[in-house]
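I'd like to ask some things about the structure below.
Here the structure is a predicted model, which is why all the values come from computation and not from measurement. The chains referred to below are lettered A, B, ... by the order of the sequence lines, with proteins before strands, and numbering in each begins at 1.
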There are 2 protein chains.
Amino acid sequence: MPVKRGYNDCIKTIIPVRDFLDVMSGKWKFPIIVSIGVGNDRFVDIQESIPGITPKVLAKELKELEKHQLIKRTVLSEYPVKIIYTHEPYADTLTPIIYAMKDWGINHRKKVIGT
Amino acid sequence: MPVKRGYNDCIKTIIPVRDFLDVMSGKWKFPIIVSIGVGNDRFVDIQESIPGITPKVLAKELKELEKHQLIKRTVLSEYPVKIIYTHEPYADTLTPIIYAMKDWGINHRKKVIGT
DNA sequence: TAAATCACTTTCCTTTTGGAAAGCACTATA
DNA sequence: TATAGTGCTTTCCAAAAGGAAAGTGATTTA
């Protein structure tokens, strides 16, 4: 006769992981954070540093990152008007995750090519 | 006169980060990996351990994770027929990322509630 | 007056993701 | 024969994400 089974509770890990994903999911947010992190602070510079991103998507993602207090938008009233994007300190908390993803990606590419 | 500007190259980080995202992006893959990791090996157990997931989505994501050699699907010919899902060793390479995401999520929730 | 620069915005469209509800195939037991 | 358990699949649909291409508005220089 079948033994009664029951699932193991993992909600204490799943909830924070999903909190993280709610903020940082999608194809573009990490590339944008990385680009700003290396010093790209202008819209067009960020755009050119990320292959394939369109201005529409970049504008939308920048707004979301600003909303979550990961980046700051500053208007400089010079000519031509400059707008610069910089990291808020909170963005630095993502650094360990970025390195972990980067390491995984490097290893994964080796694995896939090596197969 | 405007100073010539040029973007900083961050492609060596962006490429591996995107390789990672190509495999692991989406709302459900990490929760599924976590659930299997704590010992849920049956379809329905995994389903019940992840709030909100539907069987359609779970089936699709399990196939993708299997394709990427992160989990293994094993058929046990008992009655009733059992199918169990277990981690491949490769799934363990995600552990540091899962902990980093979890820590970030816990801290983020504190920050948001505390505001 | 025309052109250039910058930082986007707008429109239109396709693709991907997610979700609700029901159904199906198999086997075994009552 | 009817019912139950397991692991899905199917259908239909809505929402979100992504992309191509062109346009906008403010300003200043030629």
Phosphate OP1/OP2 of dT9(C): any K63(A) side-chain N/O under 4.0 Å:
yes

Whole-Å distance, E66(B) CD to dC8(D) P, equals 10 Å

Please report, rounded to the nearest Å, how far the C1' atom of dG7(D) is from the CG atom of L76(B).
13 Å

Please list each protein N or O that sits under 3.5 Å from an N or O in nucleotides 24-26 of chain C, with the distance.
none

CG of D41(B) to CD1 of I36(B), rounded to nearest 0.5 Å, is 8.5 Å

Measure from CG on L58(B) to C1' on dT17(C) and round the result to the nearest Å.
15 Å

Residues 81-94 of chain A vs side-chain hydrogen bond (donor to acceptor under 3.5 Å, both in side chains), sequence neighbours excluded, gives R73(A)-Y85(A), Y90(A)-H108(B), T93(A)-W104(B)

Atom-to-atom span, NZ of K60(B) to P of dT15(C) - whole angstrom:
16 Å

Tracing side-chain links under 4.5 Å among I, L, V, M, F, W and Y, which residues wind up in one group with I84(A)?
L76(A)

Would you list the protein and nucleotides 19-28 of chain D atom pairs, both N or O, that sit under 3.5 Å from each other?
unit_1  : atom_1 : unit_2 : atom_2 : d
dG19(D) : OP1    : K27(A) : NZ     : 3.0
dG19(D) : N7     : K56(A) : NZ     : 3.3
dG19(D) : O6     : K56(A) : NZ     : 2.3

Which residues pass the salt bridge (charged side-chain N to carboxylate O under 4.0 Å, His left out) test with K27(B), sequence neighbours left out?
none

Could you note down all residue pairs passing ring pair (Phe, Tyr, Trp, His ring centres under 6.0 Å) where residues 29-77 of chain A supplies at least one of them, sequence neighbours left out?
none

Under the salt bridge (charged side-chain N to carboxylate O under 4.0 Å, His left out) test, residues paired with K60(B) that sit two or more places apart:
E64(B)

Could you give the CD1-to-C1' distance, from I71(B) to dG7(D), as a whole number of Å?
14 Å

In whole Å, what is the span from the CZ atom of R73(A) to the P atom of dC6(C)?
16 Å

Rounded to whole Å, the CE-C1' distance (M24(B) to dT17(C)) equals 16 Å

Residues two or more places apart in sequence or in another chain: which of them pass side-chain hydrogen bond (donor to acceptor under 3.5 Å, both in side chains) with S49(A)?
S35(A)

Under 4.0 Å from OP1 or OP2 of dT6(D): is there any side-chain N or O of Y85(B) that close?
no

With a 3.5 Å cut-off and sequence neighbours excluded, list the donor-acceptor pairs that the side chains of residues 12-21 of chain B form with protein atoms.
unit_1 : atom_1 : unit_2  : atom_2 : d
T13(B) : OG1    : K102(A) : NZ     : 3.4
D19(B) : OD1    : R109(A) : NH2    : 2.9
D19(B) : OD2    : R109(A) : NE     : 2.6
D19(B) : OD2    : R109(A) : NH2    : 3.0

Taken to the nearest whole Å, NZ/K82(B) to C1'/dC8(D) is 17 Å

